Every structure is written in structure tokens, then in C-alpha cells.
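Before any comments, here is the structure.
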Amino acid sequence: MSFSLEARIEAAAFPMKKQCCRRAFIQGILLFGAEFCDNEISLYVDSEAIAEICSHYIKEQFGREVFPEKIGNKGVLLLQFVSKSAAEFLKNSISAIDSVKLIKCGECAAAFIRGAFVGGGTVSEPLKKDYHLELKSRIKTEYLDILEVFEDSGFEFKVSARLGKSSVYTKNSGTVGDFLFFIGANNQAFAFMNAKIAHEIKNDINRRTNCETSNIARSTSAAAKHLAAIKFLSERGRLSELGPELEYTATMRLKYPEMSLVQLGQAMTPAVSKSGLYHRLEKICSYSDNLKFKEE
């Protein structure tokens, strides 16, 4: 079972005591999961658990007994019933959502949004790189009014149009987690947040590792360059031309090639800082490069 389906099942099972909230819930499901022709409603779901819950609310709110029918071999279930009031709601919602009739108490908005997600929502697996939560209706509807309901509840969603069909979505991981808590899918919300934290920790470790690897590579490259310059001068008996300070530095670098600049600087008498030692070694390289140029 996918993470998205588990989230819809958990949200669908969220208990609602008030009748106005239960009606807003089933209206959200119908708006995003149903099609209609005249007064006949066709609701599509992909879970027997959700089908059972929808059947219960359809009977309670519209007085219709419905029995799920399997469609194809992909686990899709069809619930068909005739209801003038349900059809009128869907017809009117194509042009605008009547928030006054829909939201009758402080909990109705959450119930409607919960139903919208159960009816047509998907959410990406939390371990995937990109976060994505989307709600897509089966009928052409006015998403701007729906966005207002979402925004009034504290959620910023965007409208997308692909292949002639529109949807509302968010790719913000914080919004996805808050949304799952808001609709009552608490277990999935915790799983999502834990996976997000683990993903961020993994990314942070990778960034640090890559940074350290890059630093080591740069240090190794610099050390090889310094040693090559010193050996070039040593083989030609030219180290004494560097002067006492640089000659001593070159001698110590040859003697302790495995040491880091910090360690080498501390081993010298007097001690030399990392930046000071690096500056000396660069001077030696510059002298070596000039000598090579003259020899060529």
C-alpha cells in the first residue's frame, strides 16, 4: 500500500461529531472524486475502507444506499447513486464554491479539505527527493474559490494545468507535513516528518563529507606541488639561494612530507602559523617556477 493511499485512508477514518462537518467532508470527496450526469453521481475510490466510509456518509447525508462495484483490475471501486442535492452541489461548484453554505462551523473547513484529499489527493513518498502534494478534481471546477478555503486555513497552494486538467498543489515540505496533521492523517504526518528529518540529516552529512573530501584533495594537490618544487631545487643544489628562512622551511617540508601544514608549522622552531607556512611554500614554488623558465 502506498504512502498516499495510507494517508487518505487515515484521513477518511477521522471522527467528526457534527453533522455539518460530515456533510462538508462528503461534499469535498464528491467534488474531487466524482463525476455526474443529470442527477446520477459516480464516485471513484481506490480502497475498500474508503468505499465503506463513503457509503456510510452518502446514506447519512443523501439517503441513498450504495454498494461499491469493482472497475477493472487496478483496485478502483465505483459508487453510483442518484441525488438531486448532490448533483446541484457539483453543478454549482463548477463556477464557484458557496463558502457560506459549505463552512458552517470552525471545523467544517478542515472537514471539507479532508474530504477533498480523500476524493482526489495524492502525496509523494516521504523518502523521495522532491516533495509533492496535489489535489485534482474529476470535473472542471473553480479552483480559486477552493484556494480561498485553503488559504483561510493557513495553506498556500498553487494551481497547475496539465493536459487540459487543472489541480492544486504544493511542493513545500513544511506545508505537506502541516496539511497531513490538519486533515487528521497524524500517523502519516509523523512518518513524513521523520523521513524528512532523516533526509535532511543525510544531505547534511553528504555536504560535509563532500566538503571535507574537497579540502583534502586541495591540500594533497598543494602539498604535491610544494614537494615537487623543493625537490627540483634540491636536485640542482639551489636551496641555499632561498635564504635561511625559506631554506629551513624547504628542509622541514622534505623531512616531514606526511604532516599537514598545521602540524609542520608547530614542529618548526620558532613555530609558524598555517597561513605563514603556506605563504613561504608558495614563495619557494615561485622561485622554482622562475628557475624552470630560465632553464627552458
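If you read the sequence from its start, that first residue is 1, and numbering goes on from there. Just so you know, these numbers use all the heavy atoms, side chains as well, and skip hydrogens, waters and symmetry mates. Computed from a prediction, not measured in an experiment: that's the story for all the values here.
A distance of 9.0 Å separates CD1 of Ile41 from CD1 of Ile58, quoted to the nearest 0.5 Å. Note that CE of Met1 is 5.5 Å distant from CD of Glu6, once rounded to the nearest 0.5 Å. Atoms CD and CD1, from Glu52 and Ile9 in turn, are 11.5 Å apart once rounded to the nearest 0.5 Å. If you take CD1 on Ile29 and CZ on Arg8, they are separated by 11.0 Å, rounding to the nearest 0.5 Å. Here the CG-NZ distance, from Asn206 to Lys202, works out to 6.5 Å after rounding to the nearest 0.5 Å. Note that the CD1 atom of Ile103 and the SG atom of Cys20 stand 9.5 Å from one another [nearest 0.5 Å].
Looking at Met16 and Glu107, their side chains never come closer than 4.5 Å, going by heavy atoms from C-beta outward. In this structure, Tyr44 and Glu35 have side chains that are in contact, with non-hydrogen atoms separated by less than 4.5 Å. The shortest distance between side-chain heavy atoms of Leu31 and Leu90 falls below 4.5 Å. Side-chain atoms of Ser2 and Glu125, non-hydrogen and from C-beta on, do get closer than 4.5 Å to each other. You'll find the side chain of Val76 stays beyond 4.5 Å of the side chain of Lys70, heavy atoms only. Between Ile50 and Leu5, some side-chain heavy-atom pair lies under the 4.5 Å cut-off. Annotation: side chain of Arg22 is not in contact with side chain of Ile26 (no heavy-atom distance under 4.5 Å). Using a 4.5 Å heavy-atom cutoff, the side chains of His226 and Glu282 are in contact.
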Check against side-chain contact (heavy atoms from CB on, under 4.5 Å), Arg280 and Met268: CA-CA 13 Å; Arg280 290 186 187 182; Met268 295 173 70; 3.5 Å; yes
Are Leu135 and Phe150 close enough, and set up right, to give a side-chain contact (heavy atoms from CB on, under 4.5 Å), and what steps lead you there? CA-CA 12 Å; Leu135 296 94; Phe150 280 41; 4.0 Å; yes
Determine, step by step, whether Leu78 and Ser42 satisfy the side-chain contact (heavy atoms from CB on, under 4.5 Å) criterion, reporting the C-alpha distance in whole Å, the side-chain angles of both residues, the deciding distance to 0.1 Å, and the verdict. CA-CA 7 Å; Leu78 172 63; Ser42 298; 3.8 Å; yes
Go through the steps to decide whether Leu261 and Arg253 satisfy the test side-chain contact (heavy atoms from CB on, under 4.5 Å), and finish with yes or no. CA-CA 9 Å; Leu261 291 184; Arg253 177 76 283 182; 3.8 Å; yes
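When ring centroids are compared, Phe62 and Phe89 stay outside the 6.0 Å threshold.
Counting heavy-atom neighbours within 6.0 Å of Phe190 CZ, excluding the residue itself, gives a total of 12 or less. In the displayed structure, Asp38 atom CG is contacted under 6.0 Å by at most 12 heavy atoms of other residues, nucleotides or ligands. Heavy-atom contacts from other residues, nucleotides or ligands closer than 6.0 Å to CD of Glu60 number more than 12. For NE2 of His279, the number of neighbouring non-hydrogen atoms (other residues, nucleotides, ligands) closer than 6.0 Å is 12 at most. The local environment of NZ in Lys59 is sparse, with at most 12 non-hydrogen atoms from other residues, nucleotides or ligands closer than 6.0 Å. Heavy-atom contacts from other residues, nucleotides or ligands closer than 6.0 Å to CD of Glu48 number 12 or fewer. Counting heavy-atom neighbours within 6.0 Å of Lys91 NZ, excluding the residue itself, gives a total above 12. Counting heavy-atom neighbours within 6.0 Å of Glu156 CD, excluding the residue itself, gives a total of 12 or less.
Listed by first and then second residue, the ring-ring contact (aromatic ring centres under 6.0 Å, His included) pairs involving residues 8-43 are Phe25-Tyr57 (not counting sequence neighbours).
Tracing side-chain contacts under 4.5 Å through hydrophobic residues (I, L, V, M, F, W, Y), one reaches Tyr287 starting from Leu227; they form part of the same cluster. In the hydrophobic cluster analysis, where Ile, Leu, Val, Met, Phe, Trp and Tyr join through side-chain heavy atoms closer than 4.5 angstrom, Leu133 is grouped together with Val159. The same ILVMFWY cluster, assembled from side-chain heavy atoms under 4.5 Å apart, contains both Met252 and Leu254. Note on Ile197: it does not cluster hydrophobically with Val123, by side-chain heavy-atom contacts below 4.5 Å among ILVMFWY residues. Both Phe181 and Ile113 sit in one connected hydrophobic cluster of ILVMFWY residues. Membership requires side-chain heavy atoms under 4.5 Å apart, directly or through other members.
Minimum heavy-atom separation, Leu79 to Ala51: CD2-O, 3.6 Å.
Within the 3.5 Å criterion, the main-chain N or O of Lys136 finds no donor-acceptor partner in the side chain of Tyr169. Side-chain atoms of Glu10 come within 3.5 Å of backbone N or O of Gln188 as a donor-acceptor pair. Although no hydrogens or angles enter the test, the distance criterion places no donor-acceptor pair under 3.5 Å between the side chain of Ser288 and the main chain of Ile284. For Ser234 (side chain) and Ile230 (main-chain N/O), no donor-acceptor pair under 3.5 Å exists by modelled atom type. Judged purely by atom type and a 3.5 angstrom limit, Ser153 uses its side chain to pair as donor or acceptor with the backbone of Val149.
Between Phe179 and Phe157, the ring planes lie tilted relative to each other; the angle falls in the 30° to 60° range.
Of the residues listed (Ser124, Ser4, Ser167), the one engaging Glu134 in a side chain to side chain donor-acceptor pair (under 3.5 Å) is Ser167, and it is the only one.
Under the 3.5 Å distance criterion, with hydrogens and angles disregarded, no donor-acceptor pair is assigned to the side chains of Tyr256 and Gln263.
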